[in-house]
Colleague: 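Take a look at this one; I'll ask things after.
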Amino acid sequence: MEKLRCVVERITYHNEMNGYSVIRCRAKGFGELVTVVGLMPEVHVGSVLQLTGSWRIDAKYGRQFSIESFEETLPATVYGIEKYLGSGMIRGIGPKYARRIVQTFGRDTLDVIENDPDRLFQVPGIGKTRVDQIKKSWAEQKEIKNIMLFLQGHDVSTSHATKIFKTYGSESISVVQENPYRLADDIWGIGFRTADTIAEKMGFGHERYARLRSGLLYTLNRLADEGHCYATRSLLIGKASELLEVEDNVLSLTLDEMIRAKDVILDPVTAVRERGTEAGPAEAAIYLPPFFFAETGAARRLGRIFRNREGIAVPAEGLAGRIAQRTGMNYDEVQIQAILTAVRSKVLILTGGPGTGKTTTTLGIITAFRSAGARVLLAAPTGRAAKRMSEVTGLEAKTIHRLLEVKPPEGYQKNEENPLEGDVLIVDECSMIDLLLFYNLLKAVPDTMTLIFVGDIDQLPSVGAGNVLRDLIESECFPVVRLTRIFRQASKSRIITNAHRINEGKMPDLSNGRDSDFFFMDMENPVNRRNLPGLQDLPEKDQNAQAALKTIIDLVQTRLPRYYGIPSSEIQVLTPMQRGVVGAANLNQELQKALNPPAEGRAGAQGLRRGGFLFRAGDKVMQIRNNYDKEVFNGDIGVVQSVDTEERTLIVLFDERRVEYDVSELDELVLAYAATIHKAQGSEYPIVVIPVLMNHYIMLQRNLIYTGITRAGKVLVIAGTRRALSYAVRNVTVTERNTLLCPRLRKEQAAPAMSINITNRNVL
């Protein structure tokens with residue numbers, strides 16, 4: 001082993017997940033910069049490192065110093081101090097202020113910051129706010145350094161260490177030493193696998209109760225991520241046993257203790273069989289507590305609301321004529337029946353595909369209630385869906401989170417004790433609502449309120465656990481109006497007619513045409529493979545993917561904006577999966593290069609890097625978790641307005657609202673030039689481009705393609721192959737979700753015969 005002392009000049013590569021880095025350093029006795037590689041979770045430009053390792057020759061990159069261990073020491077030279085402070089590690093000090101501070105204090109700079117930080121007022125341009133910021137950040141960095149030294153040998157990334165410190169503060173090390181599995185319970189972004197790696201490094205026993213408990217909870221949470229509200233005992237034990245590599249009987253004993261401690265809930269009433277099995281004993285359902293209370297509570301609340309006959313009275317006589325006069329619209333018999341049913345029922349479900357008149361019918365329902373003096377509230381799961389609802393109704397619509405006045409850490413301000421004020425609540429895009437959000441909404445609904453649920457049952461179910469809209473319909477406990485007739489004006493749109501063809505299991509019309517709004521670009525056509533050297537050396541599916549990538553970039557960057565006279569920002573690429581050449585991750589990288597390359601001299605041109613993404617001013621981004629402090633939610637799309645590399649912050653514009661992010665918060669954002677179809681639920685974009693290729697065959701299902709197509713408001717372009725599209729149209733094997741809301745509703749109602757099911761015919 002050799003030792004090397006050096007100063008970090010440049011960080012060429014850094015993996016946030018495991019800390020593996022490639023850095024270029026200036027070392028004594030070497031004329032040129034030295035390349036250093038290895039696990040270095042916390043290094044910055046300007047850091048002085050004492051390295052232990054060995055030299056090696058890489059066939060591609062040449063001579064490198066491969067480290068086994070490293071220690072960071074404070075820099076001794078003025079140059080090193082300036083580099084160190086200017087690296088961004090201390091909030092409030094960027095390259096500009098680092099230079100000013102070092103020019104003022106020279107070699108004493110670090111001693112001043114450590115022992116007499118008020119002397120920083122002597123530096124030109126530094127005021128009280130910045131000094132306070134530097135003091136706080138310096139203290140945090142000292143604490144984080146201690147934590148990093150402890151966690152460095154346990155494969156903990158920089159971002160995770162920062163989160164651990166923010167959660168536990170000075171107790172971080174003692175918490176991790178006592179029970180590293182707490183990290184998985186307490187910190188978003190740190191899952192069981194990360195905690196398990198740390199625990200293994202610390203010598204935790206393979207069959208220790210804390211590990212088995214955490215693994216079982218992780219398994220239930222993974223199932224919830226797949227949409228399941230519960231697991232049977234055999235399913236849970238089986239999957240957790242594979243994860244933990246322990247015997248079933250050991251896990252069974254752990255599960256019994258967890259049930260006793262109420263870490264999980266064993267449903268004492270409902271017994272179910274595994275999906276797809278007709279024989280064998282039924283098993284009790286095992287829930288994470290929030291899902292059990294949400295499922296039972298939602299059934300109970302909805303039953304109470306439906307049975308309560310109080311509410312706004314709307315005179316039915318002459319109602320159809322009054323609505324037609326007020327709205328200026330002609331309603332068919334089924335739409336009129338839907339409006340009449342809405343004013344007579346406490347709960348109504350209105351479902352139908354694009355072009356079938358859901359919006360027109362909803363407007364009629366709103367008009368009917370408002371004509372009787374009712375206070376009507378409008379809501380939708382996402383900001384985009386709420387905005388669209390406002391545009392078509394002319395009334396204010398809120399996201400469900402805003403309607404319920406979410407305020408962390410207290411939670412929902414609207415609840416049983418402080419219910420919503422109004423007579424009627426109409427909720428759009430209900431296929432997107434997961435069980436937990438549904439229950440919190442119902443808790444805030446007074447028994448006297450009328451509920452109207454609007455949605456397309458044929459779209460993808462919610463990203464979160466549950467299948468609320470389908471369960472409501474299949475319970476047969478409430479009136480359901482199904483709109484299937486495509487109205488004449490809508491029938492002129494190939495987007496709409498093809499969406500319905502796909503929903504019926506038929507191939508869409510791919511004839512294109514100058515006046516069409518639905519286009520298919522065949523990636524097996526030689527025209528779309530031009531200017532792609534070396535394509536013939538790849539497998540066929542990879543040839544198609546490369547051709548699709550080139551075509552999509554060309555469409556978004558040049559052809560569609562030029563033809564339709566709109567900016568590229570109004571074009572949304574939607575894709576079935578995250579991974580692959582035409583997955584969301586790679587498409588975002590390539591589209592960013594094409595649409596928002598770094599511009600020399602522009603503020604924030606270099607951007608801020610986090611989690612594999614480089615965010616620059618002008619980038620389209622998406623929020624990927626609910627952040628109640630910032631009032632931005634999973635799926636919200638915005639544009640980076642500005643980047644401050646000095647302060648290590650950026651501003652994102654979400655529908656004209658400015659939201660600031662610190663660099664440590666950027667793992668909540670991803671680039672959004674491309675997004676998965678799942679993430680686009682409830683949204684509508686003027687132009688949508690979708691790759692449909694066999695590379696994504698595992699995700700190619702009818703409801704996924706149907707959902708993607710119906711996101712397009714004016715123009716849809718599919719770049720793919722006929723084989724892949726045909727496969728998707730024929731594939732209706734949608735994974736069933738473990739949910740018991742439907743039988744719970746039936747039990748609560750005990751009167752499914754009250755259901756009214758109204759359907760109109762599909763007439764073009």
Side-chain angles (χ1 to χ4, degrees), residues 312-345 347-380 384-398 422-430 450-459 479-497 499-500 517 682 684 686 710 712-714 756-764:
I312 193 76
V314 181
E317 186 175 349
L319 181 62
R322 294 199 304 272
I323 293 171
Q325 185 177 15
R326 291 192 180 212
T327 62
M329 299 176 183
N330 294 318
Y331 292 92
D332 71 7
E333 292 181 4
V334 174
Q335 290 177 306
I336 292 295
Q337 188 61 48
I339 297 168
L340 291 172
T341 304
V343 301
R344 293 169 182 160
S345 306
V347 178
L348 172 72
I349 299 152
L350 178 65
T351 185
T356 59
K358 287 199 306 298
T359 299
T360 307
T361 306
T362 301
L363 280 170
I365 293 171
I366 293 170
T367 303
F369 278 112
R370 295 190 76 198
S371 67
R375 294 167 297 172
V376 180
L377 306 179
L378 305 180
R384 282 181 169 267
K387 184 178 180 181
R388 199 166 80 245
M389 198 179 188
S390 294
E391 291 170 350
V392 298
T393 63
L395 302 173
E396 182 187 20
K398 297 180 179 180
D423 302 301
V424 181
L425 173 62
I426 301 177
V427 187
D428 199 9
E429 295 289 355
C430 286
T450 295
L451 281 172
I452 314 291
F453 298 114
V454 183
D456 186 345
I457 190 61
D458 296 312
Q459 285 189 26
V480 177
V481 176
R482 298 175 187 266
L483 302 175
T484 58
R485 175 188 173 192
I486 305 177
F487 284 86
R488 191 170 302 280
Q489 185 175 358
S491 69
K492 297 176 183 178
S493 166
R494 278 202 195 158
I495 293 174
I496 291 175
T497 56
H500 284 273
D517 58 1
E684 184 178 287
T710 54
K714 295 179 180 178
I756 305 170
N757 199 319
I758 308 166
T759 306
N760 59 359
R761 295 297 177 188
N762 190 5
V763 180
L764 289 179

Colleague: The test is side-chain contact (heavy atoms from CB on, under 4.5 Å); show your working for Thr351 and Val481 and say whether it passes.
Modeller: CA-CA 6 Å; Thr351 185; Val481 176; over 6 Å; no

Colleague: Enter the distance from Leu425:CG to Thr450:OG1 here, rounded to the nearest 0.5 Å.
Modeller: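 Spacing of CG (Leu425) from OG1 (Thr450) equals 10.0 Å.
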
Colleague: Can you name the closest pair of heavy atoms from Leu348 and Ala342 and give their distance?
Modeller: CD2-CB, 3.5 Å

Colleague: At their closest point, which heavy atom of Ser390 faces which heavy atom of Ala397, and how far apart are they?
Modeller: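 Taking every non-hydrogen atom into account, OG-N, 2.9 Å.
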
Colleague: Looking only at heavy atoms, what is the nearest atom pair of Thr393 and Leu363, with distance?
Modeller: CA-CD2, 3.6 Å

Colleague: Is the number of heavy atoms from other residues, nucleotides or ligands under 6.0 Å of Glu391 CD greater than 12?
Modeller: yes

Colleague: For Arg485 and Thr356: C-alpha separation, side-chain torsions, deciding distance, then whether side-chain contact (heavy atoms from CB on, under 4.5 Å) applies.
Modeller: CA-CA 5 Å; Arg485 175 188 173 192; Thr356 59; 6.0 Å; no

Colleague: So does Arg494 pair up with Asp517, basic N to acidic O under 4.0 Å?
Modeller: no

Colleague: Say you draw a straight line from NE2 of His500 to OG1 of Thr484; how long is it, rounded to the nearest 0.5 Å?
Modeller: 8.5 Å

Colleague: Show the nearest heavy-atom pair for residues Val376 and Phe369, with the distance to one decimal.
Modeller: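 Shortest heavy-atom separation between Val376 and Phe369 comes out as CG2-CB, 3.9 Å.
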
Colleague: Any chance you could measure Ile323, atom CD1, to Ile336, atom CD1, to the nearest 0.5 Å?
Modeller: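 Between atom CD1 of Ile323 and atom CD1 of Ile336 there are 6.0 Å.
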
Colleague: Indicate yes or no: at least one non-hydrogen side-chain atom of Val334 is less than 4.5 angstrom from one of Arg482.
Modeller: no

Colleague: Drop me the distance from Asp456's CG to Gln459's CD, to the nearest 0.5 angstrom.
Modeller: 4.5 Å

Colleague: Show the numbers, then the answer: is there a side-chain contact (heavy atoms from CB on, under 4.5 Å) between Arg326 and Arg370?
Modeller: CA-CA 11 Å; Arg326 291 192 180 212; Arg370 295 190 76 198; over 6 Å; no

Colleague: If you measure from CD on Glu684 to OG1 on Thr710, what distance do you get to the nearest 0.5 Å?
Modeller: 9.0 Å

Colleague: So does Gln337 get a backbone contact from the side chain of Tyr331, meaning a donor-acceptor N/O pair under 3.5 Å?
Modeller: no

Colleague: I'd like to know whether Ile366 forms a side-chain contact (heavy atoms from CB on, under 4.5 Å) with Leu395, so could you lay out the CA-CA distance, the side-chain angles of the two residues, the decisive distance to 0.1 Å, and finally the verdict.
Modeller: CA-CA 10 Å; Ile366 293 170; Leu395 302 173; 3.6 Å; yes

Colleague: Of the non-hydrogen atoms in Lys358 and Leu350, which two are nearest, and what is the gap between them?
Modeller: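 Smallest heavy-atom distance, with atoms named: O-CD2, 3.9 Å.
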
Colleague: Once you round to the nearest 0.5 Å, how far does CG of Leu378 lie from CG of Asp428?
Modeller: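 Here the interatomic distance stands at 9.0 Å.
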
Colleague: Which pair of heavy atoms, one from Asn330 and one from Gln335, lies closest together, and at what distance?
Modeller: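 So the minimum-distance heavy-atom pair works out to O-OE1, 4.3 Å.
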
